[in-house]
Number of protein chains: 2
Amino acid sequence: MTERTPRKDAVRNRAALLAAADTLFADDGSGEAVTMADVATAAGVGKASLFRAFGDRTGLIRALYEARLEPVRDAVESGPPPLGPGTPAPERVFALLDTLLCFKLDNRHLVLALEDTGSDSPYRAEHYGHWHALLESTLRQIPGLPDPAFTAHALLAATRADLVEHLAGHEGVPRETLRAHLATFTARVLNGPVV
Amino acid sequence: MTERTPRKDAVRNRAALLAAADTLFADDGSGEAVTMADVATAAGVGKASLFRAFGDRTGLIRALYEARLEPVRDAVESGPPPLGPGTPAPERVFALLDTLLCFKLDNRHLVLALEDTGSDSPYRAEHYGHWHALLESTLRQIPGLPDPAFTAHALLAATRADLVEHLAGHEGVPRETLRAHLATFTARVLNGPVV
DNA sequence: TTACGAAGCGGACCCCGGGTCCGTATCGTT
DNA sequence: AACGATACGGACCCGGGGTCCGCTTCGTAA
């Protein structure tokens, strides 16, 4: 067993750090101005503990992100229709994209913070690969739809966090309008030209 | 007149800096590791001259970018069909997106470098606004196409530099395949569902 | 309860890169 | 030739990510 039981104080500190980071990122709006030292201080903990717990800045943000994403992931992998498996392909595509859009609307600060860690392209992150693979395989079940891999990328691109932030945050497009637009757009892609 | 004639050496240095930066960014691949000091040194110039000439890192990259973009811009604003004005709307949409895709393929390093200055969302940059406005107004001329503003954003999102880089660079998708996929995708969006 | 190794702590410290300051050199004009 | 204005350059500053190491706390074993 390579498993080590972590000490109590370590667990407590980790929780405190996550909570503090969550608050700070949410307050700041996009987390660009939140510094690692800030997080440590807000949690009442030394910087080294922060880095020991999460490795680096990206690790911290990723941890927050995964925590928020987990329920969504569960709903997709084993939940009821229209999100879960066993849903007819087209409906599931709509549901997936809508869910993703809502998630990004609700967690703008986190997703933005994650993207501009700048460490690596968002396309290299494993969660992108996960979403893409799922969407692609779902698209593949729709007859007559060409280039499912590219189509999946293009549809996902329409829900990019900074685009969502720009539309919802900067241009003030209401949530429901955005969802409707995305659904309409998706419908055109799925139904495609008649020929 | 607020116009000042710049001194000869200033002009020469500016040119040397641009050339050096261009080379360095191209060599590095995505320009993340290129430091301002590197650029200055490669140009045989002091750091201060670099910052005096371009303001800051973003200014330098933007200058390179604009230089490359200028011919494209001209072709769009006053060139012959299918890019220039006077082209039927649908063909022009294809031409615009294809041109943009090719531009990003040819200038990946620059566009990536520009995006990850991280200073501000790419959607705030005026060149994005320019492309979006043009695409939107062209889409608006196509009857039956809903939400032209959102559609323009979504189509442009499919040509995002990091996506292009991921597909062309990391996954090795050939240039022509990518262009074909984008064209097919665009066609489905434009032609839309029959109902 | 004590004792003692190991796991964890924290803040001083390092490093690196963007951006600035100011004494000096060059330009170009009269 | 001479003298302001303009530009030069490298030493310098600063802020933030990440690390080091002497000290503390935990948990276990006697």
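Numbers restart at 1 for each chain; the letters A, B, ... are given by sequence-line order, proteins then strands.
Side-chain N/O atoms of B/N13 include one lying less than 4.0 angstrom from OP1 or OP2 on D/dC8. Between D/dG9 and B/S49, a contact under 4.0 Å exists linking OP1 or OP2 to a side-chain N or O. The side chain of A/R7 places no N or O atom within less than 4.0 Å of a non-bridging phosphate oxygen (OP1 or OP2) of C/dA6.
At least one side-chain heavy atom of A/V39 sits less than 4.5 Å from a side-chain heavy atom of A/L17. Between A/T159 and A/F103 the shortest side-chain heavy-atom distance does not fall below 4.5 Å.
Contacts of A/A10 with the nucleic acid, taken as non-hydrogen atoms under 4.0 Å apart, involve only primed sugar atoms and P, OP1 or OP2.
Taking atom CZ of residue A/R52 and atom C1' of nucleotide D/dG18, one finds them 12 Å apart after rounding to whole Å. As a whole-Å value, the separation of B/D28 CG from C/dG17 P is 12 Å. Rounded to whole Å, the distance from CG on A/L50 to C1' on C/dC9 is 13 Å. Between the CZ atom of A/F54 and the C1' atom of D/dG18 there is a distance of 16 Å, given to the nearest Å.
Between A/Y123 and A/H153, the ring planes are perpendicular. Angles over 60° get that label, and only those under 30° would be called parallel.
In the set D/dG10, D/dC8, C/dG11, D/dC8 carries the atom at the smallest distance from any side-chain atom of B/D9.
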Please produce a list of atom pairs where a protein N or O lies less than 3.5 Å from an N or O of nucleotides 15-17 of chain D.
| from | atom 1 | to | atom 2 | distance (Å) |
| --- | --- | --- | --- | --- |
| D/dG17 | OP1 | A/R57 | NE | 3.2 |
| D/dG17 | OP2 | A/T35 | OG1 | 2.6 |
| D/dG17 | OP2 | A/M36 | N | 3.0 |

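Closest of all the heavy-atom pairs between A/L156 and A/H132 is CD1-CA, 3.8 Å.
Both A/V45 and B/K8 lie close to DNA chain C; mapped to their nearest nucleotides by heavy-atom distance, the more 5′-ward contact belongs to A/V45.
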Show which side-chain atoms of residues 140-147 of chain A pair as donor or acceptor with protein atoms under 3.5 Å away, not counting sequence neighbours.
| from | atom 1 | to | atom 2 | distance (Å) |
| --- | --- | --- | --- | --- |
| A/R140 | NH2 | A/E136 | OE2 | 2.3 |
| A/D147 | OD1 | B/H181 | NE2 | 3.1 |

TODO: Mind running salt bridge (Lys or Arg N to Asp or Glu O under 4.0 Å) on B/D22 and B/R68 for me, showing each step along the way?
DONE: CA-CA 10 Å; B/D22 207 357; B/R68 295 288 185 97; 3.0 Å; yes
